[in-house]
Each structure stands twice: as structure tokens, then as C-alpha cells.
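Beneath this line is the structure, given in C-alpha cells, with notes to follow.
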Amino acid sequence: MAATTHTVSNQPPPLLGYDVFSADLALTEAVDRHLAPELLDEARAGLVRLGQSAGSAQAQRWGAQANENPPRLRTHDRYGNRVDEVEFHPSWHRLLGHAVSAGLTDAWDRPGGHVRRAAGFLVWTQAEAGHGCPLSMTHAAVPALRADPAAAAEWEPLLTSHVYEEGLRPAGEKAGVLLGMGMTEKQGGTDVRSNTTRAEPLSADGEYLLTGHKWFCSAPMSDGFLVLAQAPGGLTRFLLPRVLPDGTPNAFAIQRLKNKLGNRSNASAEVEFDGTWARRIGEEGRGVRTIIEMVAATRLDCVTGSAALMRQAVAQAVHHAAYRSAFGGTLVDKPLMRNVLADLALESEAATVLAMRLAAAYDAGTESEAAFLRIAVPTAKYWVTKRCTPMVGEALECLGGNGYVEESGMPRLLREAPLNSIWEGSGNVQALDVLRALRREPLALNAFLSEVGLARGADHRLDRAIRDLLTELADLAGIEARGRRLVERMALVLQGSLLVRWAPPEVADAFCASRLGGGWGSAFGTLPHTLDLASVVERARPVER
């Protein structure tokens, strides 16, 4: 007879076997809103397939295995020859292969491509976030390569391919490739103008030999890298293939892999160049200028990736609370827990709606939308990525001790959460970028204010917040010291405007009352009790409607 103490009760079932896309109303509504009607059926069908895969037990197992078995560096073969290879668990390759086949590196010339890709990125990286790094860099490399039409013609079809091929071979022998980045160095970090890697011209055709190091080289197993180096004419961008066209390995010595807080499935490395062949992209001395579009695209992925982490965290928290009973009822029906869950749901929906609005601006391709992106991307990157860590931490706490154990998946989300705030420029860098745009690019500020103004008159708290923001923007004296506060207010006003226009009334009301109206405490779960919190929580439940 089995011992009664071994009977399991009051434990929620695992959140598996669901459609991650269809269960996310904020995301499905955004796709419907931003895609042209003639694209919707095909796009939705693809996103549903991807959502079903992301919510499957198989994909969740791949994600766990890729993190439990992090990449390993093999510097030499048995004979002492340098090979500088990074070995990954097979689950890593399965995740990447599924992502590439779903078009998550293909957006730039595809109708509705950025909206479709952002939605897919938000869905699929909920299965595992680490492999989003090479996907993001490969996607973002396309506009940077277009500074050299010949390089773009050769590499772009491979970067946007829906075929994933692992292994190091000449790029021309593969049906699809991935591209990494190597910008920062030991002495400079964000200050890339202090880079010391040298680039010596080898021919008049834009060939150079590089000598130096990179402190963070992301995804070192990639087929090529965009790097910065000091050419005779100044800091310049280069395309560095891992394997030369004749099959010879390029000089690319991986010194070590970083031991990181999170992002365990993905490799980040320190690398050395010693006579490493590279091809110049753009003119000498214009390296920073040629990476601007790439940085903007990867920053948008930081926003989207954080939105994905937030959505998965709130889905797990609401799912747990809907099944777990305590003190005579389910947790989701307890007023205090409902307040916490609703607050988390607001943060998640605001992040999703903002990320998708930015993706739609990329697809529009107009001068006004480009101006809007110039100021909205660093604003969103600053705020959404900053909110991710406390939000995921609070969601973990909703599961109590169950959330603190690895099997729940919540610790992995929490370790991943700070990454996007650091990658592609930390908080101060984003704030300074916004301030720079405010001073130098009046069209960017006009586009931002025009977007925010579309919701004027719909909510008195939003209207007051817009007026206060305009007052703050009118006085730029000493602006750097209060830059973070200003950018935070800009982000909240933008999110409030989007939610007032597009979200259900209970969501917009709760957001404006808390984030803009002053009815909010210093922790999640401090929303005004008079709001319709039950509807906000129910909207966030990971079930298909």
C-alpha cells in the first residue's frame, strides 16, 4: 500500500501544450492592427504554428537542455593544432534551426516583415532566450552590410535564408549563415572610439589584416562577424569571415568563453586577431556611422526580448495562481494576489504593445517614422529592459518556494532578465542617446510628440502627464543629471498613449491610474483597489480564447 504522504495535491499542472501566440491577446491584437489585411491570414498561420511549437513540451525541453549543457570551448585538436571551436548541445542547434526556418532573421525586404519577425521573436524566445542573440545580430547586420553593395549581394541572401546549417565552412558553401559582432575592447567598453585593434590595408579592393582583441565577441560560432578597428583613416567597420573562401580557417583565436550570470546557452567570448583577413564595409573613419542602423535594430530586439521574458513570467504566475489553492480559495481570486498579477500583466502588455509599435514603424519606412524611431527606440530600450528584472522577480515570488527551484524555469528567466538592459548600451547610454536626439534632431522630438498626441483628450491623467512632460522638455538646462527621470517619463507617456488608443478600457485605466496618475506604490501589487483588476488578470491568462 502506497504511503499517503506521497500523494501529490494542490500542485498546478505544468504550463505546456498551449499556443504561446494565440494565448497572448496583447500580441495577437497588435499583429492584427499593424499588418495589412492581405498579409494577415498567412502571417497568423505561421505565428500559430510557431506558438504551438514554443508551448510544446519538446521546445521547453530543448530550452532546459541548452542551458543545463552550456557551450564548451575547444581551442586545440589532439595534435596541438588550434581549432578554436565552440561545441553546443544538440538542443541549441534545434532551437536555432526552428527559429531560422520560421524567418526570424528575415525582415528587411519582406512585406510586413518587421512586425511578423518581432511577433515571432517574442513568441519563440519564450521557449529559450539565449539563442535570440545570434538571431538578433544576423537580422541587424543586413542594413550595416548595405554600406557595401557587393558585400550585401554576397551575404544578404544567406543572412535572410530560412535554412540553418551548423558547422564552420566557407559561407559560399552554405545555404544560410549567422553573423556575430565584435565591437567592445578591454579598455573601452561602450567607448568604441578608444578601440586599439589595428587594420592594415592589404589591397586596393578593401582587404585588410586586423591585429588586436575583442573583449565581448557574441556568438563566436557564427560564420562571420562585423567588427570595428582603427584603419589609417580612423575607426572603420569590417566584415570578418570565420572561414576564408578557399576553406582556410581565418586567424580567430578564442581565448576563453565568458562565465555569465545568465544567457548560459549562448557563448560570449574574448578573441584575438593576428593577421586576420577582413573586408572593409563603408568608408574608412565612418565605422560608428555605419553601425547606427544595426544598433537600432538590436536595441529593438532588446525591447522585444524583454517583452518576451515578461510575458512568459506573467503567464507562469497567472497559471500558477489559477490552480493553486490557499486559505479556502484559489490564489487568483485573492484580492491581494489579484492586485499583484494585474500589475504584472499591465507591465507585460505595455512592453508588448510598445515593441510591436516600433516594429511597425520599421515596416512603414517613412521619414516621419524613421524620426520617431530615432527617439522612441532608445527610450523604449531604456525603460522596458529596466522594468524586466523587478517584474520577473515579482512573478517568481508569485510561485513562492516553487518558483525558486530550477525545475520551475523561473530562475532561468530571472538570470536572463538583466541582460537586455546591459547589451547594446546600458541605461545611461540610452538616456544620453535620447538627450542627444532632443538637442540635435527636432524632427525626432516632433515625431515623438505627434505620436503621443494621438491619444490627447482620451484620459485626463495622460493629458496631465503630457503637459508635465512638455514643461520638462522646455528646460534643457542641467538635463543630463535628470536624464533618466526624463526618459522614464517619456516611455510611460508613450506607453500610456498606445494603451489608451488600443488596449481594453480596464487595461488603459489601470495603467494611467498607476503609472501616470500617482495611484501606485513602490512595488508591484499596489494598484488602486477600485480598478477592474479581475478583467486585467483574466486577459493575461495563458489560455486560448
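- Expressed to the nearest 0.5 Å, how far CG of L331 lies from SG of C398 amounts to 9.0 Å.
- Closest of all the heavy-atom pairs between L354 and A380 is CD2-CB, 3.5 Å.
- The line from CZ of R387 to CG of L309 is 14.5 Å long, rounded to the nearest 0.5 Å.
- Ring planes of F448 and F372: parallel class, angle under 30° (limits at 30 and 60°).
- More than 12 non-hydrogen atoms from other residues, nucleotides or ligands lie less than 6.0 angstrom from CG of D475.
- Between R374 and D433, at least one side-chain nitrogen of the basic residue sits less than 4.0 Å from a carboxylate oxygen of the acidic one, meeting the salt-bridge criterion.
- In this structure the side chain of E347 reaches within 4.5 angstrom of the side chain of R515, judged on heavy atoms.
- Side-chain atoms of R541 do not come within 3.5 Å of backbone N or O of A315 as any donor-acceptor pair.
- The minimum heavy-atom distance between S408 and L399, with the atom names listed, is CB-CD2, 4.4 Å.
- For S497 (side chain) and V452 (main-chain N/O), a donor-acceptor pair under 3.5 Å exists by modelled atom type.
- Remark: side-chain polar atoms of S348 are not paired, donor with acceptor, to backbone N or O of L344 under 3.5 angstrom.
- Residues L39 and H34 fail the side-chain proximity criterion, which asks for heavy atoms closer than 4.5 Å.
- Within the 4.5 Å cutoff, the side chain of H89 has no heavy atoms near those of the W62 side chain.
- Side-chain contact between V353 and R33: present, with at least one pair of heavy atoms (C-beta onward) separated by less than 4.5 Å.
- One finds the CG atom of L27 at 9.0 Å from the CZ atom of R311 (value rounded to the nearest 0.5 Å).
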- Begin from the C-alpha positions of W92 and M221 and carry the test side-chain contact (heavy atoms from CB on, under 4.5 Å) through to its verdict. CA-CA 12 Å; W92 164 267; M221 76 297 170; 3.7 Å; yes
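- Taking the six-membered ring where the residue is Trp, H139 and W108 present parallel rings, their angle staying beneath 30° rather than reaching 60°.
- Rounded to the nearest 0.5 angstrom, M356 CE and L122 CG are separated by 7.5 Å.
- Using modelled atom types, one side-chain atom of K260 and one backbone atom of N266 make a donor-acceptor pair closer than 3.5 Å.
- Shortest non-hydrogen contact noted between Y164 and L178 is CE1-CD1, 3.8 Å.
- The backbone N or O of E416 sits nowhere less than 3.5 Å from a side-chain atom of R264 that would complete a donor-acceptor pair.
- Between A57 and L16, the shortest heavy-atom contact is CA-CD2, 4.0 Å.
- Between the CG atom in L135 and the CG atom in D301 there is a gap of 8.5 Å [rounded to 0.5 Å].
- For the residue pair E506/S535, the side-chain donor-acceptor check at 3.5 Å is not satisfied.
- E488 has no carboxylate O lying under 4.0 Å from a charged side-chain N of K386, or vice versa, which leaves the two without a salt bridge.
- No donor-acceptor pair closer than 3.5 Å links the side chain of D509 to the backbone N or O of P505.
- Residue pairs meeting the side chain to side chain donor-acceptor pair (under 3.5 Å) criterion with at least one member in residues 396-406, sequence neighbours excluded, are E406-R415.
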Can you give each donor-acceptor pair under 3.5 Å made by side-chain atoms of residues 95-103, sequence neighbours left out, with the distance rounded to 0.1 Å?
from	atom 1	to	atom 2	distance (Å)
H98	NE2	S53	OG	3.3
S101	OG	G97	O	3.2
S101	OG	H98	O	2.9

Show me the donor-acceptor pairs, under 3.5 Å and distance only, between side chains in residues 464-471 and residues at least two apart or in other chains.
from	atom 1	to	atom 2	distance (Å)
T471	OG1	R467	O	3.1

- L104 and T125: CA distance, side-chain angles, deciding distance, side-chain contact (heavy atoms from CB on, under 4.5 Å) verdict: CA-CA 10 Å; L104 299 192; T125 55; 5.9 Å; no
- Given R485 and E472, is the salt bridge (Lys or Arg N to Asp or Glu O under 4.0 Å) satisfied, shown in steps? CA-CA 10 Å; R485 175 62 177 169; E472 228 179 319; 5.6 Å; no
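- Looking at T330 and Y323, their side chains never come closer than 4.5 Å, going by heavy atoms from C-beta outward.
- A salt bridge does not link D363 to R117: none of the charged nitrogens lies less than 4.0 Å from a carboxylate oxygen.
- At least one side-chain heavy atom of D343 sits under 4.5 Å from a side-chain heavy atom of W520.
- A donor-acceptor contact shorter than 3.5 Å links the side chain of D463 to the backbone of G457.
- Ion pairing between R44 and D32 holds under the 4.0 Å rule for side-chain N and carboxylate O.
- At most 12 non-hydrogen atoms from other residues, nucleotides or ligands lie less than 6.0 angstrom from NE2 of H529.
- A 4.5 Å side-chain heavy-atom check between C133 and L419 finds every atom pair outside the cut-off.
- When the shell of 6.0 Å around CD of E480 is examined, it contains 12 or fewer heavy atoms from other residues, nucleotides or ligands.
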- Task: Show your working on side-chain contact (heavy atoms from CB on, under 4.5 Å) between Q60 and E128 and close with a plain yes or no.
- Result: CA-CA 8 Å; Q60 297 300 320; E128 201 286 312; over 6 Å; no
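- Checking side-chain atoms of S222 against main-chain N and O of A219 turns up a donor-acceptor pair under 3.5 Å.
- Using a distance-only test at 3.5 Å, with no hydrogens or angles considered, no donor-acceptor pair links the side chain of S136 to the main chain of G132.
- The neighbour count for N10 CG, taken as heavy atoms of other residues, nucleotides or ligands under 6.0 Å away, is above 12.
- Salt bridge present: R501 and E451 bring a charged side-chain N and a carboxylate O closer than 4.0 Å.
- Scanning all heavy atoms of the two residues, the minimum distance from Q495 to V384 falls at NE2-CG2, 3.9 Å.
- Contact between E369 and A364 at its shortest, heavy atoms only, is CG-CB, 3.6 Å.
- With contacts defined as side-chain heavy-atom distances shorter than 4.5 Å, the pair Q312/R412 does not qualify.
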- Might you work through the side-chain contact (heavy atoms from CB on, under 4.5 Å) test for Q126 and Q316, ending with a clear yes or no? CA-CA 11 Å; Q126 289 185 55; Q316 293 288 347; over 6 Å; no
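- A distance of 9.0 Å separates CD of E29 from CG of D24, quoted to the nearest 0.5 Å.
- Here the side chain of R338 pairs no donor or acceptor atom with the backbone of V537 at under 3.5 angstrom.
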